[in-house]
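Working notes for the structure below.
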Amino acid sequence: MPLVNTKEMFKKAYEGGYAIGAFNVNNMEIVQGIMQACKDLKSPVILQVSGGARKYAHHAYLYHLVQAALEEADVPVALHLDHGNSFELCKDCIDGGFTSVMIDGSHLPYEENVALTKKVVDYAHERGVTVEGELGQLAGIEDEVNVSAENASYTDPDQVQDFVTRTGVDSLAIAIGTSHGAFKFKPGQKPQLRFDILQEVMDRLPGFPIVLHGASSVMPEYVAQINEFGGQMADAIGIPEDMLRQAASMAVCKINVDSDLRLALTAGIRKHLAENPSHFDPRQYLADGRANIAEVVAHKIQNVLGSEGKA
Ligand code: G3H
Ligand code: 13P
Ligand code: ZN
């Protein structure tokens with residue numbers, strides 16, 4: 001099955017009260033682990049590539065890894081640019097075969113975010129590519145953006161309808177209290193999400209797909225495994241799964257997960273090498289990391305997204 005854009009996926013997800021997992025890919029083992037779980041559980045999926053991933057692995061490698069995955073899997077797959085920060089980057093990805101892009105103008109003044117997003121939408125829609133925009137700023141660290149908790153801002157529901165109408169975006173990432181990375185809350189802090197904002201957005205734009213970034217639950221078993229085998233992730237805390245599930249049953253149609261994959265891969269490799277100190281064949285320890293990726297993605301599909309059997 002060729003790559004698809006996100007239009008049909010999101011329509012079905014919204015109507016069905018579930019969400020599509022959007023998993024960040026950086027190398028072959030990550031692509032394979034994700035696709036294994038999606039194939040086994042017949043789940044649609046979004047494979048997303050950040051600007052940093054593209055610099056690390058290069059566009060052609062990631063694009064062709066995903067093409068290889070399509071030869072083996074008969075589930076709907078969208079290839080998406082995560083956190084595109086310029087028109088040129090979005091254009092490169094669209095011209096290079098991606099079926100969906102995010103233009104993240106959330107750090108710009110409102111009118112500039114509208115203008116940049118609209119420019120990307122106009123280019124993308126002519127080519128059948130869907131576009132995700134962002135309003136409001138999440139805290140946390142990505143490769144090229146580092147937003148402190150003080151500078152993070154919740155999405156203003158009053159702006160959402162205007163933004164969506166004027167830009168023509170197909171989906172919108174909003175800030176309701178999630179954040180990027182593995183340290184989302186301080187130890188002792190009670191995790192909270194602003195479901196009231198999500199509900200207001202839903203009321204104003206019925207049927208419109210919302211995206212949740214920074215949505216790793218920072219699965220305790222992998223954090224524990226990393227710590228057991230020499231790592232230092234004691235204070236890692238994520239979004240509770242019941243909150244993610246609630247969001248998925250509302251307007252959230254796309255749930256972004258990267259940190260959980262990083263933790264799972266690292267935990268598998270650390271454990272393997274600690275238990276087999278003489279091993280130096282990368283296939284041996286990477287296979288354990290890849291198996292953990294498949295396990296995490298299957299867990300998400302069944303316990304958070306609700307997308308099992310929806311392919
Ligand atoms: O939200 C960002 C993703 O986790 C990608 O992270 O920019 O370090 O590849 P990255
Ligand atoms: P996490 O850091 O919570 O996995 O979020 C990833 C993300 O939002 C990618 O865009
Ligand atoms: Zn993100």
Side-chain angles (χ1 to χ4, degrees), residues 6 19-27 30-31 33-34 45-59 61-62 78-86 89-90 93 98 100-107 131-147 149 152-153 155 171-185 191 193 210-220 222-223 226 233 235-241 243-244 247-248 252-267 292-293 296-297 299-300 304-305:
T6 57
I20 311 292
F23 300 101
N24 285 74
V25 298
N26 296 281
N27 67 16
I30 296 176
V31 172
I34 296 167
V45 68
I46 297 168
L47 300 177
Q48 57 186 11
V49 170
S50 70
R54 219 165 153 265
K55 268 189 209 144
Y56 171 78
H58 298 182
H59 185 100
Y61 281 86
L62 293 170
L79 178 56
H80 174 77
L81 169 66
D82 190 27
H83 292 285
N85 60 1
S86 66
L89 176 56
C90 292
C93 289
F98 282 36
S100 175
V101 292
M102 173 187 194
I103 177 68
D104 181 357
S106 60
H107 53 287
V131 180
E132 174 185 329
E134 179 164 342
L135 256 189
Q137 272 200 286
L138 273 67
I141 300 173
E142 302 149 39
D143 248 13
E144 278 147 24
V145 194
N146 183 349
V147 183
S153 55
T155 302
S171 62
L172 184 69
I174 62 169
I176 58 167
T178 59
S179 61
H180 289 107
F183 302 90
K184 298 188 190 299
F185 300 98
L193 293 188
I210 296 301
V211 178
L212 212 54
H213 282 248
S216 278
S217 51
V218 184
M219 292 170 68
Y222 298 110
V223 173
I226 288 175
M233 303 285 302
D235 293 339
I237 302 173
I239 313 294
E241 285 186 349
M243 291 187 189
L244 296 168
V252 170
C253 294
K254 173 172 179 274
I255 289 194
N256 283 14
V257 174
D258 187 4
S259 296
D260 273 324
L261 302 184
R262 296 178 180 194
L263 291 165
L265 185 69
T266 302
N292 276 7
I293 296 272
V296 167
V297 173
H299 177 88
K300 299 282 173 194
V304 172
L305 302 163

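Both counts, for ligands and for their atoms, begin at 1 and track the order of listing.
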Open item on the list: Do Cys93 and His80 have side chains that approach each other closer than 4.5 Å (heavy atoms only, starting at C-beta)?
Closed with: no

Open item on the list: Would you say that Leu244 contacts Ser217 through its side chain, given a criterion of any heavy-atom pair below 4.5 Å between the two side chains?
Closed with: yes

Task: Closest approach of Ala173 to Met102 (non-hydrogen atoms, all atoms of both residues) - done: CB-CE, 4.3 Å

Open item on the list: If the contact criterion is a heavy-atom separation under 4.0 Å, does Lys55 count as touching ligand 1?
Closed with: no

Task: Sub-4.0 Å atoms of ligand 1 with respect to non-hydrogen atoms of Asp82 - done: 1 (O), 2 (C), 3 (C)

- [ ] Can you sort out which atoms of ligand 1 are near Arg262, meaning under 4.0 Å from one of its heavy atoms?
- [x] 4 (O), 5 (C), 6 (O), 8 (O), 9 (O), 10 (P)

Open item on the list: Restricting to N, O or S atoms, which atom of His180 is closest to the Zn ion (ligand 3)?
Closed with: NE2

Task: ligand 1 to His83 polar contact by distance, N or O atoms, under 3.5 Å - done: yes

Open item on the list: Contact between Lys254 and Val252 at the side-chain level, heavy atoms closer than 4.5 Å - yes or no?
Closed with: no

Nitrogen or oxygen contacts under 3.5 Å, ligand 2 side and protein side:
residue, atom, partner, partner atom, Å
ligand 2, 2 (O), Gly181, N, 2.9
ligand 2, 2 (O), Ser259, OG, 2.7
ligand 2, 3 (O), Lys184, NZ, 2.6
ligand 2, 3 (O), Ala215, N, 3.1
ligand 2, 3 (O), Ser216, N, 3.0
ligand 2, 4 (O), Ser216, OG, 2.6
ligand 2, 4 (O), Asp258, N, 2.7
ligand 2, 4 (O), Ser259, N, 2.7
ligand 2, 5 (O), Gly214, N, 3.3
ligand 2, 8 (O), His180, NE2, 3.1
ligand 2, 8 (O), His213, ND1, 3.4
ligand 2, 8 (O), Gly214, N, 2.8
ligand 2, 10 (O), Asp82, OD1, 2.9
ligand 2, 10 (O), Asp82, OD2, 2.7
ligand 2, 10 (O), His83, NE2, 3.2
ligand 2, 10 (O), His213, ND1, 3.1
ligand 2, 10 (O), Asn256, ND2, 3.1

Task: Side-chain touch His107/Glu134, heavy atoms, less than 4.5 angstrom - done: no

TODO: Scan Asp258, Val49, Asn256 and name whichever one has a side-chain contact (heavy atoms from CB on, under 4.5 Å) with Asp82.
DONE: Asn256

Task: Identity of the N, O or S atom of His83 lying closest to the Zn ion (ligand 3) - done: NE2

Task: Polar side-chain atom of Asn26 near backbone of Ala57 as donor-acceptor pair, under 3.5 Å - done: no

Task: Numbered atoms and elements of ligand 1 in range of Ser50, under 4.0 angstrom, heavy atoms - done: 5 (C), 7 (O), 9 (O), 10 (P)

Task: Result of checking Ile30, Asn292, Val25 against Leu261 for side-chain contact (heavy atoms from CB on, under 4.5 Å) - done: Ile30

Task: N or O pair under 3.5 Å between Asn26 and ligand 1 - done: no

Task: Residue pair Ile34 / Ile293: nearest heavy atoms and the distance that separates them - done: N-CG2, 3.7 Å

Task: Gap separating the CG atom of Leu79 from the OG1 atom of Thr6, nearest 0.5 angstrom - done: 12.0 Å

TODO: Report, in ascending order of atom number, the atoms of ligand 1 lying under 4.0 Å from any heavy atom of Asp258.
DONE: 3 (C), 4 (O), 5 (C), 6 (O)

Task: Atom name of the N, O or S atom in His213 that lies nearest to the Zn ion (ligand 3) - done: ND1

Open item on the list: Does ligand 1 come near enough to Asn24 that some N or O of the ligand is less than 3.5 Å from an N or O of the residue?
Closed with: no

Open item on the list: Using side-chain heavy atoms (C-beta onward) and a distance below 4.5 Å, is Lys184 in contact with Ser216?
Closed with: yes

